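Residue numbers begin at 1 in each chain, while the letters A, B, ... track the order of the sequences. Keep in mind that what you see is a predicted model, and the values were worked out from it rather than measured.
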Amino acid sequence: MTEAPSPLSLAHPNTDYDVVVIGGGVNGTGVLRDCAIRGLSACLFERNDLAFGASGNSSGMIHGGVRYLTSSPKVTRLSCLDSGYIQRIAPHLLFRIPFIMPIHRSIGSRIFLQLVDAFFGAYDSFQPLKRGRPHTRLTPEQARILEPGLSGDIVGAVTFDEWGIDGARLCTANAVDAHQRGAHVRTHTTVEGLELLSSSPARMAVRWRDRITNQSGSVSTRVVVNASGAWAPLTASLADMPPSVAAVRPGKGIHVVFDRRLSNYAVVAQAIDNRQIFLEPWQNVSILGTTDTDYYGDLDQVTATSDEVRYLIEAIRRVFPSIQNARAIHTFAGVRPTLYAYGPIPDKLSREHEIIDHASHGKDGIYSMIGGKLASYRIFAQQMTDIVAARLDCHQPSQTHLLPLPGGDESLDAGELAKICEIDPVAARRLIYRHGSRARLIAEQIVESKRTPRFICSCEAITEEEIRFVVRHEFVRCFEDLSRRTRLGLGPCAGLHCVLRAGAIVADELGWTPSQGRSQALRLLLSSSFTRAVALGSAQARQEALLRAAIRAQVGWGQEP
Amino acid sequence: MGTRTVNHHEDVIILGDGAAGVAAAHASLRLGVRPLLISLGNGATTLYSGCLDHGVWNLHPRSSSLDERQKEFIDAIDIWCVDPEKTRVATLAGVVRTADAADRALLNLASHKNETILVPRIDRPNWDADFLARSWSEDLWCREQGLRFESFDASSLDDDRMRFGSDTEIAFHLDSPEGRTKFGEHLSAEVQRHGGGKSVLLGPWLGIDTPVASILTNHIGIQIGEACAGLGSTAGARWEHAANRWLTQQRITRIQDRVQRLEQVDGDWNVHVSQSKRPYQAKAVVVATGGIAGGGIILTSGEPQEGNEQSFSPAHPFSLSYRGPLVLTVDGRISETVASLHGFNLERLAWPRDDHGVWWMDRINVLRDGVQVLDASNNPLAGLFVAGELALKRPAASLASIATGVEAGTAAARYVLTNA
Ligand SMILES: Cc1cc2nc3c(=O)[nH]c(=O)nc-3n(C[C@H](O)[C@H](O)[C@H](O)COP(=O)(O)OP(=O)(O)OC[C@H]3O[C@@H](n4cnc5c(N)ncnc54)[C@H](O)[C@@H]3O)c2cc1C
Ligand SMILES: Cc1cc2nc3c(=O)[nH]c(=O)nc-3n(C[C@H](O)[C@H](O)[C@H](O)COP(=O)(O)OP(=O)(O)OC[C@H]3O[C@@H](n4cnc5c(N)ncnc54)[C@H](O)[C@@H]3O)c2cc1C
């Protein structure tokens, strides 16, 4: 079965841009939006899908840079400040994650507790910048009351406040906004070459190929921003530079997803190598993370292994034993584009991100963005766009901290929305989480259909109308794109009840035949089978067997693409 | 061996009451040996699609090879129609598939030609008539047969039961004469309003204990039938009902309980269950407890051992859901403890990437010679037989389960008769 064609005639008549952005993670979409707001003509190329890389596979936290508190409090302050800005422009996308850090009895543990307490006391002074609450110090009894799942001999605990976010939604929101302001977004389109144009010396040619249609072409631009995360060195080499000019240290991290919220707090634990790991309630699931290992494999195919899963389970079960009976439904993995340093270099460690001007490598007009965090993507994008704008004689200041992202302009009441379109308030809340005030547009569609709302995915409460909305307005070109934006098919049912129906809807929207829709949906099942397998326990294995039997009975064997 | 057990007079005990278990009961009774069934219930058969096949339908050649005993069983249950050359059903995934046999409530497309089959538009969240009609019409075989599918308005069928009820709730409602008659009248009126039609495809709603499809077809003169659902279809409820009816007719006792242990004692088999202190005892046992989906096999790898604070302990990657002398195998190798405290490499449990690969968990089966269970050194365990998914090393299918069930039931009965 060949890839279903995309009907969205991605009409991009323009082939001359001010700026071309390579990479559709937070940094790339952030720069695109900033450029679009400042009136620069810009186009983004994304090899896979928006948030396909680190941005869609992170721990989903907007932290305030607590790590830098002792080495450079300025970084912490900036992180908290920017985290506050993200809240202002996309309040619907953030949710509070209170953390608890239990301290277990050992030699010096009491003193350690004092130190931790004092440390977070210092962090408290930055918390107001991001509407965070001050930390608390708990007695063992209090800790157990607040988090009954904790085990072991605890001398005390400290709580502190962070925010969670869905990285895929954040990237999508930035891309949608940029698009609404005239920027172009080309997903599943990889950049294959960067050349200086001999005809007009100030311009470069960017050669691209659409990986779905296999169409290729080229556009010209005055500036190129390489925001391709861990791929950055590869991208640099497309411009005939040695990869080392945009070196990153590729740090792979994996997460295990459990079927529900297992704890009240995000629980911090120590792994066998003293690294800190955590189990966090995140949206309506729990996420256990994360690892940090050097990764030298194919960046388009990063997956968790059962070893990595067990390393995490081993670490958390000492503190939170009931994890052993919990049901893992999914795993995901990403590669951090960490600043390159062979052996720790203090200066590098106190920075989170860096902009490289490749003029010094003979490629004037090409910049690479290395590193970064979801939490600081906005300021990083602003810094990058400041440089680009200055170069292009554009004197607009950045406004990305003031202008709301799509859906962030107004907060909706879930109860009211639920009444309007006769859905459950919980479903309405999920809808509002994903779309902010744009949820109203979807609710209107539901009302207009004059039917009982058709919930396609019951794990995430996704209606047919939402699927259609996402496909129409959020750059969906294949079935997995839909899943990335809504989490459809990644819940406890493993796609059993939703993927075939959702495939039909996507097919209808994109003008595919029903069998093309089906085969796309099955492709998702096949690829997510691997991410489930590495954490499979007995209950989920049974689910897997049922899923397979049901697919076989309805569609047949070997129809899996 | 002091304690006499409650049910010694039943000479064969069958564990599991899915297609394989009930077929085994039938075969055993046929030879005059009364069986006792012990099962938790609700296995794969309860959730099946309504189609019966020898293997996965689109890979396996159609085959009518049913022997007398299998036919008798199928007749006794009396819900299926066997015609492998001429069975085509539409699935709710929008596919038209073949089957070796099918629940009679399913609309058999093979008996239609050059016809437009109607699909009612009903306000029901998991019923999208427009999509289904479009998708079925796309099927190559249907086009060759001149079959088209067309959706039509049928809003008089909309009610709260249609909007919010489960498939089985609707089916249960149509079991009642009033519910059925009213539905038939509305449907018939909607078809007339649409301009007439000979056949209508519906969801899995056509009754549980009554042949609603044929009653209504006769009554309103329009042929109606179901499309096949993937999981938890009403066909499963019909199976449960029919199997129950047959077992009751034959006065075969069925005990709903969890089997915990199976052991051989002085030439007899003791079956220990969770709700009774005394084991059930019999000369012969048929093990038909199903595969992963049915709960007969569980993945044990990496599961913590109960009460073990320390850590995990070495285990087999998978095991039966009760203890006993049976040995599980995959690809001819017997299952042994994994050389890891954390279980085996779970990567192997991903779906195979190639079209014809068989999923690892589908290949697990009991070490056996035919239906005769063997011990680890390949010696027969006298009086112990296996049937159903546990006796298949390929993706399970109902006719294969029934065939092994009949085989095992016969073997068990013969064993009892010769060793009496
Ligand atoms: C395990 C893990 C946990 C993390 N946890 C957090 C956290 O909790 N909080 C936080 O703030 N940060 C976290 N991070 C860090 C954060 O996710 C990343 O730093 C950030 O997402 C980097 O964004 P990016 O846009 O630079 O890169 P990416 O998101 O990786 O995007 C790069 C994109 O470029 C595309 N691309 C590559 N080559 C080409 C080409 N030739 N043409 C076109 N496109 C191309 C790729 O397909 C990819 O989508 C975490 C990261 C990881 C891996
Ligand atoms: C969704 C689905 C769709 C299917 N579609 C088709 C199809 O289209 N065509 C086809 O040919 N086949 C299909 N099948 C497969 C077919 O249904 C099975 O192969 C067949 O029913 C297996 O029968 P069985 O008797 O071996 O097992 P089961 O029906 O699973 O019966 C096993 C029984 O043993 C019981 N049991 C297990 N362990 C214990 C214990 N420790 N104590 C007590 N009782 C226990 C269980 O509760 C269960 O009642 C489908 C299966 C599923 C799940």
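When heavy atoms are compared at a cutoff of 4.5 Å, A:Ala535 approaches chain B solely by way of its backbone atoms N, CA, C and O. Contact of A:Thr305 with chain B is made through backbone and side chain together, with heavy-atom distances under 4.5 Å. Interface remark: B:Trp359 contributes backbone and side-chain atoms alike to the contact with chain A (heavy atom separation under 4.5 Å). With a 4.5 angstrom heavy-atom cutoff, A:Ala549 does not touch chain B via any of its atoms. Residue contact with chain B, scored on non-hydrogen atoms closer than 4.5 Å, involves the side chain of A:Leu496 exclusively. Contacts between B:Leu92 and chain A at a heavy-atom distance below 4.5 Å involve backbone atoms as well as side-chain atoms. Using a 4.5 Å cut-off between heavy atoms, B:Ala229 touches chain A through its backbone atoms (N, CA, C, O) alone. Contacts between A:Gln543 and chain B at a heavy-atom distance below 4.5 Å are absent for every atom of the residue. Looking at A:Pro321, neither its backbone nor its side chain comes within 4.5 Å of chain B, counting heavy atoms on both sides.
Residues B:Ser135 and A:Arg518 have side chains that bring a donor and an acceptor to within less than 3.5 angstrom of each other.
Under a cutoff of 6.0 Å and an axis angle of 45°, A:Arg548 and B:Trp351 form a cation-pi pair.
Proximity to chain A among residues 151-159 of chain B is not found for any residue, judged by heavy-atom separations below 4.5 angstrom.
Not counting sequence neighbours, the partners of B:Arg143 by the side-chain contact (heavy atoms from CB on, under 4.5 Å) test are B:Leu140.
Here ring-ring contact (aromatic ring centres under 6.0 Å, His included) pairs that include residues 445-470 of chain A, with residues two or more places apart or in two chains, are A:His435-A:Phe469, A:Phe469-A:His473. Residue pairs meeting the salt bridge (Lys or Arg N to Asp or Glu O under 4.0 Å) criterion with at least one partner in residues 45-58 of chain B, sequence neighbours excluded, are B:Asp53-B:Arg62, B:Asp53-B:Arg97.
In this structure, B:Asn126 CG and A:His497 NE2 are separated by 10.5 Å, a value rounded to the nearest 0.5 Å.
Counting only heavy atoms from C-beta outward, the side chains of B:Asp128 and A:Arg501 never approach each other to under 4.5 Å. Contact check for B:Trp57 versus A:Arg552: no side-chain heavy atoms found under the 4.5 Å cut-off.
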